[in-house]
Amino acid sequence: MSHTDSFIDEVTEEVRRDKFYAFLKKYGWIGIVAVLALVGGAAWTEYSKAKARTAAEATGDAIAAALGAETPEARAAELANVTGGEARVVVAMLRAGELHAAGDVKGALALLAPLAADDMLAPVYRDLAVLKTAMIGAGEISPEDRISQLAGIASPGAPYRLLAEEQIAAAQAEMGDTQAAIDGYRAISQDVDASNALRRRAAQMMVALGADPAE
């Protein structure tokens, strides 16, 4: 290679370096910001997870402490002070149960009403609120209204279908529609998804209503 070619190559390389440094001066901050964003995002994610974990643990401790109170009235009062964000539904369910145990049926139903009507709530919670409303409110809500409420959560694939069907049969028996109740209990006793305990309850109710579970 001639001295001229070597000189040209050196000049060309120098020009490339100058252009590269100029590019870094002009746009290098973008890369720095991108790196900082990645590092900062990862740090914020870990911080958020730790904060959520700490909050969940605090809520769990508060619930456990509230349930450790001696009477249903005291437990309901303690649960009223638990504010747990995503745990609010669970807390409301627990408190409704304690109010019911304390004899405050209207208070329990008032807690469950907004949950049962919340279409944005996960079905596993919303349907449970409907089911608990029917069970707790047996003395306050007519059997016809209970059947109407429960019909919506007794569809195939619903999380509490069989329990809803059991409550529907109970409401039918209360109305004096004995045959419908027997048919409902019989269907439950023969359902492959029913637990042994549920099948036994259905069979016992059929006997109480004058039917033979073996038929």
Side-chain angles (χ1 to χ4, degrees), residues 55-155 157-177 180-181 184-185 188 193-195 197-202 204-205 208-209:
E57 290 174 353
T59 300
D61 291 342
I63 291 174
L67 294 177
E70 293 186 359
T71 65
E73 293 87 351
R75 291 193 289 271
E78 290 294 327
L79 286 168
N81 297 322
V82 179
T83 55
E86 293 182 357
R88 68 176 182 85
V89 177
V90 175
V91 172
M93 295 278 191
L94 292 172
R95 188 166 176 243
E98 297 300 339
L99 287 173
H100 178 237
D104 187 1
V105 176
K106 292 185 183 300
L109 293 177
L111 272 177
L112 294 171
L115 301 180
D118 189 350
D119 291 335
M120 300 300 293
L121 203 60
V124 68
Y125 293 125
R126 185 181 64 248
D127 290 6
L128 181 57
V130 174
L131 180 63
K132 285 179 70 69
T133 296
M135 296 173 70
I136 289 175
E140 299 285 334
I141 305 171
S142 70
E144 292 86 356
D145 286 342
R146 297 204 309 276
I147 291 172
S148 178
Q149 292 171 352
L150 290 163
I153 66 169
S155 57
Y160 308 106
R161 173 180 65 85
L162 289 169
L163 293 175
E165 289 178 359
E166 181 184 28
Q167 292 301 312
I168 288 173
Q172 289 169 334
E174 185 180 336
M175 292 167 54
D177 194 351
Y185 285 125
I188 292 170
D193 293 327
S195 66
L198 182 53
R199 289 176 184 174
R200 283 196 299 270
R201 288 203 305 271
Q204 289 168 357
M205 288 304 301
L209 292 170

Practice task
Evaluate the salt bridge (Lys or Arg N to Asp or Glu O under 4.0 Å) criterion for residues Arg146 and Glu174: first the C-alpha distance (whole Å), next the side-chain angles of each, then the deciding distance (0.1 Å), finally the verdict.
Solution key: CA-CA 11 Å; Arg146 297 204 309 276; Glu174 185 180 336; 2.5 Å; yes
Exercise for the section: Identify the heavy atoms of Ala69 and Ala74 that sit nearest to each other, and give their distance. Expected result: CB-CB, 3.7 Å
Exercise for the section: Answer yes or no: are there more than 12 heavy-atom neighbours, outside Met135 itself, under 6.0 Å from its atom CE? Expected result: no
Problem - Short side-chain to backbone donor-acceptor contact, Ser155 and Ala158, under 3.5 Å - result: no
Completion exercise
When every non-hydrogen atom of Ala173 is compared with those of Ala181, the smallest separation belongs to N-CB, 3.7 Å
Practice task
Taking the side chain as every heavy atom from C-beta outward, state whether Tyr125 and Val90 have any pair of such atoms under 4.5 Å apart.
Solution key: yes
Practice task
Look up atom OG in Ser195 and atom CZ in Arg200, then write down how far apart they are to the nearest 0.5 Å.
Solution key: 7.5 Å
Completion exercise
Exactly one candidate in Val91, Leu99, Leu79 meets side-chain contact (heavy atoms from CB on, under 4.5 Å) with Leu111; the answer is Leu99
Handout entry: Donor-acceptor side-chain pairing of Asp145 and Ser148 below 3.5 angstrom
Key = no
Exercise for the section: Report yes or no: does Arg95 contribute a side-chain atom to a donor-acceptor pair with the main-chain N or O of Ala76 at less than 3.5 Å? Expected result: yes
Completion exercise
The reported gap from CZ in Arg126 to CG in Leu112 (rounded to nearest 0.5 angstrom) is 14.0 Å
Handout entry: Worked check of side-chain contact (heavy atoms from CB on, under 4.5 Å) between Tyr160 and Val124
Key = CA-CA 8 Å; Tyr160 308 106; Val124 68; 3.3 Å; yes
Exercise for the section: Calculate, to the nearest 0.5 Å, the distance between atoms CZ and CE belonging to Arg201 and Met205 respectively. Expected result: 10.5 Å
Completion exercise
Pro123 and Pro159 have their tightest heavy-atom pair at O-CG, 4.1 Å
Exercise for the section: Compare all side-chain heavy atoms of Ile188 with those of Arg199 and state whether any distance is below 4.5 angstrom. Expected result: no
Problem - Interatomic distance, Glu165 atom CD to Ile153 atom CD1 [nearest 0.5 angstrom] - result: 10.0 Å
Handout entry: Basic-acidic side-chain contact under 4.0 Å: Asp193, Arg161
Key = yes
Practice task
Indicate the atoms forming the closest heavy-atom contact of Ala108 with Ala96, along with that distance.
Solution key: CB-O, 3.3 Å
Handout entry: Min side-chain heavy-atom separation Leu67-Ile63 under 4.5 Å
Key = yes
Practice task
Would you give the length of the straight line joining atom CG of Asp127 to atom CD of Gln149, rounded to the nearest 0.5 angstrom?
Solution key: 12.5 Å
Handout entry: Pairwise distance CD(Glu98) to CG(Asp104) - rounded to 0.5 angstrom
Key = 12.0 Å
Handout entry: Short side-chain to backbone donor-acceptor contact, Thr133 and Ala129, under 3.5 Å
Key = yes
Problem - Donor-acceptor contact present, side-chain Tyr185 to main-chain Leu209, <3.5 Å - result: no
Exercise for the section: Would you mind reporting whether Leu115 and Met93 have side-chain heavy atoms less than 4.5 Å apart? Expected result: yes
